[in-house]
Amino acid sequence: MTVSKLSIRNARRQAGDYLVYFVTIVLVASLTYAFNGLVFSQELLALSRQMAMVPPMIVFASIVVVGIISWLVAYTTRFMLLRRSREFGTYILIGLENEQVARMFFLENLAVGGCALCLGILLGNLLYQALRAIVLALFGMSYHFSFFFSGKAVALTLTYFVLIYLSAQLKSRRKIRKMRIYDLIYLERQNEREVVKSGRGRRVLFAGSLVLGTLGTLLLLTGDLAACLTGACLVIFFLYGFFISFASGVPAFFEKRPARKYRGQRLLVFRTLTAKLGTMGVLMASLALLFLGTLAAEGMGMVFQGMFQSRTNKNNCFDLVLAAEDPKVESYRDSKAYIAEKIPLKEDREYEIYLMDTDKIMAYTEVHTMYYRYYGRDAVMKESDYRALRAMLGYEDVACKPGQYLIHCLPYMADALQGFSEELVFGDASLTPGGVHTEVFAQHLYDYGNGGDFILIVPDALLEGYPVSHTMYVAMTREPVSEAQYKGICTIRDQIFEEREDPLEDSLLYASDMDEAQAASQTAMSVFPLFYLALVLTMTAATILTIQQLGEAGRYRMQFALLWKLGMDKKEMRRALRMQFAIYYALPAIPPVLVGAPLIRNMASQVEPGTMVGASDPLAITAMALGLFFLIYGIYIVLAYSSLKRSVLPE
Amino acid sequence: MLQVQNIEKYYGSGNHVTKALDRVSFEVEDGEFVAIMGASGSGKTTLLNCISTIDTVSAGRILLEGENIAELPARELARFRRERLGFVFQDFNLLDTLTIEENIGLALSLTHSDPGKVKAKVEAVAKKLGIEGILMKFPYQVSGGQKQRAACARAMVAGQSLILADEPTGALDSRASKNLLEIMTHMNQAFGATILMVTHDAYSACYARRILFLKDGRLFNELLLGEQSRSAFYHEILDVLALSGGDISDGI
Ligand SMILES: Nc1ncnc2c1ncn2[C@@H]1O[C@H](COP(=O)(O)OP(=O)(O)O)[C@@H](O)[C@H]1O
Ligand SMILES: [Mg+2]
């Protein structure tokens with residue numbers, strides 16, 4: 001048996017004893033590799049120029065991940081050193097030098113980390129295919145398997161892991177070198193100290209932290225930057241204050257209320273728990289903070305996703321749209337000429353959007369929806385244009401019945417507008433409502449578009465003499481608009497604008513394909529890193545909680561063996577263990593959920609009206625973020641419970 | 001072989017100083033089997049730890065084969081522990097990842113001695129201690145008595161000249177204790193191992209040939225087995241304990 005052989009054997013044991021930790025490192029490695037694959041994928045980055053923003057964002061997220069995982073590794077390494085101090089002491093006692101023991105531990109961790117990394121990269125290849133499928137779907141392309149292996153992605157992942165392990169290993173190496181046998185053999189472990197001792201101080205801290213927590217959450221909900229920063233600080237204070245005071249306060253609570261203490265299995269459950277929690281206050285608070293970070297990242301990711309998705313859904317019907325107040329301006333004219341010359345079209349049409357002399361509908365929608373107005377008066381278009389456009393888009397034909405007008409609007413205001421029953425007067429004709437339509441119709445192009453979120457449609461003759469708001473030119477192309485074509489138009493426009501003193505754009509250019517590509521790129525660049533972070537945060541916190549819990553296995557086993565002898569039956573023991581688990585894992589999750597849920601809902605509600613609808617509804621997003629969090633957390637809890645149950649309860 | 005000269009040991013600092021050892025001096029010759037007896041808290045473990053280089057003394061000197069262990073550099077100290085000292089603890093201190101055989105052979109193999117001979121050496125020692133049948137098992141698969149015998153084997157497999165045992169029978173039942181003590185006696189007589197054993201139990205102590213009594217960190221008496229029978233020696237020990245206030249040996 002040599003040092004390295006012993007290291008390998010210990011590594012195998014470590015991977016078994018700290019299986020949850022090992023699995024987490026494997027998963028983190030695979031996530032890191034998969035995202036690094038994205039950074040180096042020529043195929044995906046070539047999908048759009050906008051995709052160039054994806055690699056820096058992912059590298060940035062990776063740096064945060066490296067920080068968090070370094071903490072996890074350092075924490076676990078320290079935990080193992082403490083747990084195994086006696087073992088290390090024995091090595092030194094039988095004549096190993098500290099240096100040799102340090103090398104042994106280093107080799108052991110190298111083996112574990114190396115295996116995790118290799119497995120992670122293998123798994124990461126699968127995960128990368130999943131990411132690739134998502135990206136392709138975002139760009140509306142179909143997935144087909146194509147093998148991908150990037151040496152650069154491996155190298156970058158390896159670099160991250162060296163960074164992660166280096167600091168923890170150097171620290172533990174220094175520690176082992178300085179260790180004295182006496183400390184190793186006789187000081188089995190030194191735990192965190194209770195920070196607050198006196199009852200009064202504890203109560204003040206507890207009450208104070210609750211107040212700060214409520215205040216902080218309210219400040220976070222204001223949406224104002226300074227208030228949010230203050231709120232975030234207060235919430236951090238709250239978490240630490242709460243956990244420090246709560247954990248050490250529970251034993252005191254039950255000391256004063258013996259009747260409650262002796263009810264059912266409470267004594268057992270709470271004694272075991274408080275022994276643990278009393279010394280874990282600071283750690284619990286840090287973990288709660290990680291959970292809050294998870295929820296915030298997931299919520300933000302879903303809000304972004306909803307925003308980008310719905311933005312294209314409001315406009316992406318015509319392949320190309322041009323619009324200008326004055327169709328004679330150079331930018332409009334030249335763009336149109338370029339399209340006519342360079343892009344093969346299936347169909348196109350030029351038409352006017354008019355303004356009424358009242359704002360009745362806008363006033364109504366402002367009251368009944370969260371509408372934000374773009375124009376001074378209600379926008380309206382000719383029935384003939386409307387019908388031609390519907391035909392162009394392949395929508396079912398509709399016509400104004402005599403004496404009626406139609407409304408076409410974004411889905412979010414449809415319900416409200418169904419209830420609009422007023423007559424509208426055009427010259428000497430007066431029209432009644434004839435129906436509401438909600439197909440995608442380029443209605444969210446700010447100052448331009450087919451109205452701002454809604455438009456009226458009336459028989460052509462009635463609009464004689466009404467003022468024109470702007471001219472629209474829409475076209476359906478034979479092929480999807482390519483990036484080169486789009487860039488061609490943009491170059492013309494940019495030249496025109498640059499030559500002016502006042503580079504204000506006097507016309508609008510919109511291309512559905514480009515908008516979709518942009519939304520896809522923006523999703524990839526913001527949503528991916530956020531979910532990457534969220535996953536890593538949850539896994540880190542759940543791993544640390546589980547390591548702590550499994551570290552108590554020996555004590556639990558002795559306790560349950562004794563209780564069994566004392567006549568407690570197995571069903572009751574299982575119940576006690578379950579209760580212990582439930583409380584232990586619920587505790588660090590409750591405060592973050594209480595703060596995080598309103599925060600996510602609020603974030604989703606801050607977005608423009610009509611955006612967060614359907615699956616992106618604020619409530620739905622909150623539910624999904626919580627669901628995702630509890631899903632991953634739950635997996636860890638179930639794993640920990642099943643492994644502890646097996647090793648702790650007597651046969 | 002071992003000279004302990006006027007050693008003192010303090011724990012703590014400032015106002016909370018505990019004097020665990022107070023000017024303790026004695027000598028152990030080659031091939032002796034010495035027991036140190038004392039009540040719980042009298043300083044036995046502290047004394048043993050100081051001798052075994054696990055702990056350091058506050059004052060005084062400890063010479064092992066003429067060398068002051070306080071002056072040895074760390075590397076020498078490691079070698080010293082490896083080659084000269086064997087340890088037996090109350091709670092065995094075997095590594096549960098290793099089989100009994102590997103536990104015994106670990107120090108040998110880690111010191112780059114000829115790997116081909118390790119197994120043979122381990123087997124030879126195991127046979128002497130009657131544990132050759134459990135060599136392939138892991139510590140959690142064998143009884144306390146067997147574990148302690150494995151610890152003894154580990155303590156002497158490298159030809160260590162001084163075996164230090166801290167309450168080796170503390171975790172064993174009376175039959176296993178008797179067995180272990182007989183084996184230690186055998187180690188001492190047949191292989192010439194020098195043994196220094198710490199105990200609070202008169203029955204264990206009477207297997208030694210000389211007994212030092214420790215109370216509140218000081219040596220206060222010494223008994224020799226001489227030519228008398230073991231049971232006479234046992235009663236003599238009980239007399240000393242009774243004289244010293246009777247609180248030394250609980251459990252009798
Ligand atoms: N690490 C320590 N710190 C402070 N006091 C100690 C420490 N170890 C032992 N002592 C004290 O020193 C005295 C002797 O302890 P010890 O040698 O363990 O006694 P024994 O082994 O005879 O039971 C006791 O009073 C004990 O409380
Ligand atoms: Mg002792």
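Each chain gets a letter, A, B and so on, in the order the sequences are listed, and its residues count up from 1. Model, not experiment: these values are computed from the prediction.
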Would you say A:Q549 and A:Y556 are linked by a side-chain donor-acceptor pair, where the criterion is simply a distance under 3.5 Å? yes
Counting only heavy atoms closer than 4.5 Å, note whether A:N10 contacts chain B via side chain, backbone, both or neither. side chain
Between A:R173 and A:F105, is NZ or CZ placed under 6.0 angstrom from the six-membered ring centre and within 45° of the ring axis? no
Shorter than 4.5 Å, heavy atoms on both sides: which option in B:Q160, B:R79, B:R75 has the most such pairs with chain A? B:R75
Side chain from CB out, backbone as N, CA, C, O: work out which of these in B:F80 comes under 4.5 Å of a heavy atom of chain A, or both, or neither. neither
Does a salt bridge link A:E87 with A:R13, judged by any charged N lying under 4.0 Å from a carboxylate O? yes
At a 4.5 Å cut-off on heavy atoms, which part of B:N49 comes close to chain A: side chain, backbone, both, or neither? side chain
Does the distance from a Lys or Arg side-chain N to an Asp or Glu carboxylate O, for B:D166 and B:K44, drop under 4.0 Å? no
Counting heavy-atom pairs under 4.5 Å with chain B, the top scorer among A:L93, A:L96, A:I92 is A:L93
Top residue by heavy-atom pair count (under 4.5 Å) with chain A, among B:D91, B:L85, B:D96, B:L77? B:D91
Chain A heavy atoms under 4.5 Å from B:S52: which part of the residue, side chain, backbone, both or neither? neither
Charged N to carboxylate O below 4.0 Å: is that the case for B:E76 and B:R81? no
Would you say the side-chain atoms of B:N6 and B:R61 include a donor-acceptor pair closer than 3.5 Å? no
